[in-house]
**Q** 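Have a look at the structure that comes next, please.
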Amino acid sequence: MRLASRGGRAFVHRDESTGWDLESASGRRFPADPMAMYAHVAEIREWLATCSATAAETIRPEELDPPVPKPGTIVAIGLNYAEHAAEARFDAPTELPPVFAKFPSSITGAYGEIALPEGGTTDWEVEAVAVVGTPMHDVAPEDVFDHLAGLTIGQDISDRSRQFSGPAPQFGLAKSYPGFSPIGPWVVTLDELDDPNDLRLGCSVDGELVQEGTTAKLLFSIPRSLSELSKVLTLQPGDLVFTGTPDGVGMGMNPPRYLTSGQVLETWIEGIGRMRHVFR
């Protein structure tokens, strides 16, 4: 099952090209607000089993809004791949990796344009993003997937100059410009994925592959990462957790490479889909 948003309304996909307006097709059993979907995944799946395929609408992924348009909380995990920690010149963490907040105003959809801030040091970071489905506090790793609505694709786009300016890193601000948290095109429920702990992911700039990896190489797996977060935080339905990026970011290259106006960033995760953004 794929949960999405079209025109600000909850939309459930039958496949990549067809689906239903959730409120209309369900006879108002479910509300139109996309944020309301994530606490009711089981009920929506049960309803979907009885929904007539002949009533499905045709839709392209490019027409969709961010599937989680107004998350209450966005948590991001840094240095969660050993190779990325090395290219960033940090030791790989042995305890919980660094955790920081991104701000909801940075959310955008899976397709479109993103404005570049001044400075010329905007970087890419492909990530698998966990979407919370039921409240989580002090949850054991083996129970984490039972609390998730699903996974989506994300980019933790970063202004490196701001990130490393000042006496201490400014992770949250550097990664929260408008459009710096693209997600989508939909949230895929875990039953649709062969192995949520082993998803291939990557991105390209103007067709050149720059990042490629698998979530199987996360230092702290998705269940372990969210379990550790839940020891402190209480995560709510619709909250997002960016789980870390593999190596291949621009600042790790010699010389460093950053995004420039007109460049196209394409991002993908196996079993979930693709995103495409143009920078201006």
Side-chain angles (χ1 to χ4, degrees), residues 2-11 13 16 32-35 37-38 59-77 100-119 121-132 149-160 162-163 171-188 201-206 210-211 238-245 249-250 258-269 272-280:
R2 301 175 183 210
L3 307 174
S5 174
R6 181 186 66 172
R9 295 176 61 85
F11 194 87
H13 277 258
E16 291 192 6
D33 181 4
M35 294 304 302
M37 289 189 292
Y38 299 105
I59 188 170
R60 297 181 300 116
E62 294 86 348
E63 299 175 47
L64 299 172
D65 305 322
V68 188
K70 296 179 180 179
T73 297
I74 309 174
V75 182
I77 298 173
F100 56 93
K102 290 167 70 72
F103 294 90
S105 59
S106 63
I107 288 289
T108 194
Y111 292 84
E113 293 189 353
I114 297 174
L116 291 165
E118 294 182 2
T121 59
T122 299
D123 207 346
W124 54 84
E125 293 192 9
V126 57
E127 308 207 9
V129 179
V131 183
V132 177
L151 298 174
T152 191
I153 309 168
Q155 271 281 350
D156 180 23
I157 298 173
S158 308
D159 176 359
R160 300 302 188 191
R162 184 171 292 277
Q163 181 177 347
F171 280 76
L173 285 180
K175 295 164 176 282
S176 293
Y177 285 91
F180 270 33
S181 301
I183 57 171
W186 35 59
V187 175
V188 176
L201 70 169
C203 67
S204 65
V205 177
D206 287 345
V210 289
Q211 283 188 282
D239 286 348
L240 303 178
V241 178
F242 283 65
T243 60
T245 195
V249 300
Y258 298 111
L259 292 162
T260 59
S261 184
Q263 287 191 310
V264 176
L265 177 66
E266 294 192 79
T267 311
W268 59 88
I269 297 182
I272 298 179
R274 302 182 71 88
M275 304 196 299
R276 185 180 188 275
H277 297 93
V278 180
F279 289 81
R280 303 294 184 195

**Q** Any chance you could lay out the side-chain contact (heavy atoms from CB on, under 4.5 Å) test for Asp239 and Ile74, step after step, and finish with the verdict?
**A** CA-CA 6 Å; Asp239 286 348; Ile74 309 174; over 6 Å; no

**Q** Before giving the answer on side-chain contact (heavy atoms from CB on, under 4.5 Å), spell out for His277 and Gln155 the whole-Å C-alpha distance, their side-chain angles and the decisive distance to 0.1 Å.
**A** CA-CA 10 Å; His277 297 93; Gln155 271 281 350; 5.7 Å; no

**Q** Does a side-chain N-to-carboxylate-O contact under 4.0 Å join Glu127 and Lys175?
**A**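 No, Glu127 and Lys175 are not salt-bridged.
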
**Q** Please check if the number of heavy atoms outside Glu118 that lie under 6.0 Å from its CD is greater than 12.
**A**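 No, because the 6.0 Å sphere around CD of Glu118 holds 12 heavy atoms or fewer from other groups.
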
**Q** Would you sort out whether Phe171 and Gln163 count as a side-chain contact (heavy atoms from CB on, under 4.5 Å), showing the intermediate values?
**A** CA-CA 5 Å; Phe171 280 76; Gln163 181 177 347; 3.1 Å; yes

**Q** For Ser181, enumerate each residue passing the side chain to side chain contact (heavy atoms under 4.5 Å, CB included) test, keeping only those at least two apart in sequence or located in another chain.
**A** Lys102, Ser106, Ile107, Phe242

**Q** Side chains of Thr121 and Asp159: any donor to acceptor distance under 3.5 Å?
**A**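 Yes, a side-chain donor-acceptor pair sits under 3.5 Å.
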
**Q** Parallel, tilted or perpendicular for Phe11 and His13, by the 30°/60° rule?
**A** perpendicular

**Q** Measure the spacing between OG1 of Thr122 and CG of Leu259 and express it to the nearest 0.5 Å.
**A** 6.5 Å

**Q** In plain terms, say whether Glu62 and Arg276 are close enough for a salt bridge, that is, a side-chain N and a carboxylate O under 4.0 Å apart.
**A** no

**Q** Under the salt bridge (Lys or Arg N to Asp or Glu O under 4.0 Å) definition, can you give me all pairs with a residue in residues 63-77, not counting sequence neighbours?
**A** Arg60-Glu63

**Q** Starting from the C-alpha separation in whole Å, work towards a yes-or-no answer on side-chain contact (heavy atoms from CB on, under 4.5 Å) for Val131 and Thr152.
**A** CA-CA 7 Å; Val131 183; Thr152 191; 4.2 Å; yes

